[in-house]
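Following: one structure in structure tokens, then a few remarks.
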Amino acid sequence: MPERTSSEIARDTFRLLAERRLLPTPDNYRALYEETAGTKSTGMPFPEAALRQIARVLPAQTPVQKRLFTQFEAALDQRSWHDLKRTLVGYANLGLGATSVAAAEPPPPPSAAGPRPSALERPVLEQVARVVEYTVDAVASDDARLREQALPLLHCLRQDAPADAGALRPMLGDFAMRLSFSTEEQAAIRTGLLGAMNLVLRNIGELSMDDRWLQGQVEALTAAATPPLSLRRIDDLQARLKDVLFKQSEAKARSVEAHEQMKRMLAVFLERLSAMTEESGVYQEKIEHCAERLGQAGSFDEIAPVLQEVIVATRAMAIDSRRHRDDLVTLREEAEASQAAVGRLQQALDRASAEARHDTLTGALNRKGLDEAVEREISRARRIGAPLCLALLDIDNFKKINDRLGHAVGDAALAHLAQVARESMRPQDQLARYGGEEFVVVLPDTRAEDGLQAMQRMQRELTKRFFLQDNEKLLITFSAGIAQLAGHESGVDAIARADQAMYLAKRAGKNRVMLG
């Protein structure tokens, strides 16, 4: 058989590329060229088996992950290094951490001269198995592939024979990498759901601008759904909303009852008015009839009974008019009383709505109430050119109080501090619970030096009034930072500066106030 020329081999290579539907990459062309020419490949073989193993643990839950997974499989089929690289970079851009990448790397082969991996102890393996089970229960409900990987891993961890660390390492690595993708996806889902819920709440608020009591609930829910979430915030919100909903349902029922009473009174008024009109008509007819008879009378004896009839009719008309007048006066008094009751109910609804802006434990403003107060005071300060200070205080050694005496005592200490703070503040100052043991004090018409003195005065007042717990006196102190609003600075930025100053006060020895 005559030897084929290079051009013939190249032509057959391109034909195979088209038949196998492979991209004309250098790697594909070289592999088919060597296959057509019958020459032995001198390059590295394409690691398809290893790459298929990697594909088995790649996530494919979200639409983006599914698209990347399809691209990865297509790149394997076409043996395209370029497409593989592009797909892996896409996965990396989804937020794949260094820990997951390290976990995905295959373990190095054991050295022939080195020691063999030792068997792990049974208590350690059981603890690892429990961690895997807890993780699967928490995450795997929406990720079937994670559960599939967990089953053989649990079997290996709980088998009777001693488990080999070298055998467990790749299984744990695959599970850890899959878990990282699942947790990332769950975090994205939670963020998306919170965003959607906030949009729904915002739309409800926009549609109910006249219902101030509903506005308060919407704002409180929006504040509670703002990350970072915590079980304590959610529990507090539920307790507050239950109380608010009870008061609102009671007030709403009374309001409906008052409106129904007003409708009934209006119906009675119209009925009385109609009766007065009919009685006036009858009286008018009697008077006209008596006038005709008087005109026809020829003697006093004929006039006397007519006059008597006129007197009787007039007296009856006067009595009816007086009775109707009394009824109308009564109706007016009842209407005014109902209107006052509706006004009181509306005030009760407004108060119930206002409770959604306050922290139930301390009575201070919550984060939503703080945002509104800061925005309002900033607008006022810039409108009239007045100074405004924001102070952030944090209770010293609060964790020790909780650990030694319990959370109930810690809550009582927070309420004590809030009470002392309010009593030492000016009427125009406002106190808000910023989170945990942190509070923000809004100081209108106050410069930084005056704010410093105000917070130091609050510290002195707190040291005079010990917190009593089971006849034990506890000295509560706090460290604080002061920031005066500057230029076009936002309230968030000013509070951040106050927070930095408070941190410096903590570092300087606690129970101090510093300017930010």
Side-chain angles (χ1 to χ4, degrees), residues 47-62 64-66 68-69 72-73 76 84 87-88 90-191 227-232 234 399 402-403 407:
E48 182 175 357
L51 293 174
R52 296 285 181 189
Q53 183 70 13
I54 293 176
R56 193 174 68 87
V57 298
L58 287 177
Q61 301 294 320
T62 65
V64 176
Q65 292 174 353
K66 290 180 180 179
L68 291 173
F69 185 78
F72 190 86
E73 289 187 327
L76 285 180
L84 283 173
T87 305
L88 291 176
Y91 270 110
N93 290 334
L94 292 179
L96 181 60
T99 302
S100 301
V101 175
E105 294 179 355
S111 173
R116 295 182 58 82
S118 60
L120 298 177
E121 296 180 359
R122 176 56 51 191
V124 176
L125 295 176
E126 181 60 28
Q127 291 294 332
V128 175
R130 289 182 181 179
V131 170
V132 172
E133 285 181 336
Y134 297 154
T135 303
V136 170
D137 291 340
V139 179
S141 59
D142 297 323
D143 191 346
R145 296 178 67 184
L146 182 66
R147 186 178 295 277
E148 292 174 0
Q149 289 186 358
L151 294 178
L153 176 59
L154 289 172
H155 175 74
C156 182
L157 289 170
R158 287 175 169 162
Q159 62 184 352
D160 294 334
D164 191 347
L168 277 175
R169 182 177 178 181
M171 298 181 68
L172 285 172
D174 291 346
F175 182 80
M177 186 174 69
R178 185 71 205 177
L179 178 61
S180 69
F181 286 121
S182 295
T183 53
E184 176 192 351
E185 181 182 3
Q186 292 298 319
I189 291 174
R190 182 179 64 180
T191 302
L229 301 177
S230 68
L231 289 176
R232 184 166 184 171
I234 295 176
K399 185 177 184 300
N402 275 336
D403 294 342
H407 288 284

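Starting from 1, each residue takes its place in the sequence as its number. Side chains included, hydrogens not; waters and symmetry mates left out as well; all remaining heavy atoms used. A quick note: this is a predicted structure, and the numbers were derived from the prediction, not measured.
- Partners of Arg52 by side-chain hydrogen bond (donor to acceptor under 3.5 Å, both in side chains), not counting sequence neighbours, listed by chain and number: Glu48, Asp77.
- Val132 and Ala150 make their closest contact through CG1-CB, 4.1 Å (heavy atoms, listed as atom of the first residue, atom of the second, distance).
- In this structure, CD in Gln127 is found 11.5 Å from CG in Leu157, a value given to the nearest 0.5 Å.
- Here Thr87 contributes atom OG1 and Leu76 contributes atom CG; the two are 9.0 Å apart, rounded to the nearest 0.5 Å.
- Across Glu73, Lys66, Gln65, a single residue satisfies side chain to side chain contact (heavy atoms under 4.5 Å, CB included) together with Phe69, and that is Glu73.
- Contact record, Phe72 with Leu51: CE2-O, 3.6 Å, taken as the closest heavy-atom pair.
- Rounded to the nearest 0.5 Å, atoms CG (Leu58) and CD (Gln53) are 11.0 Å apart.
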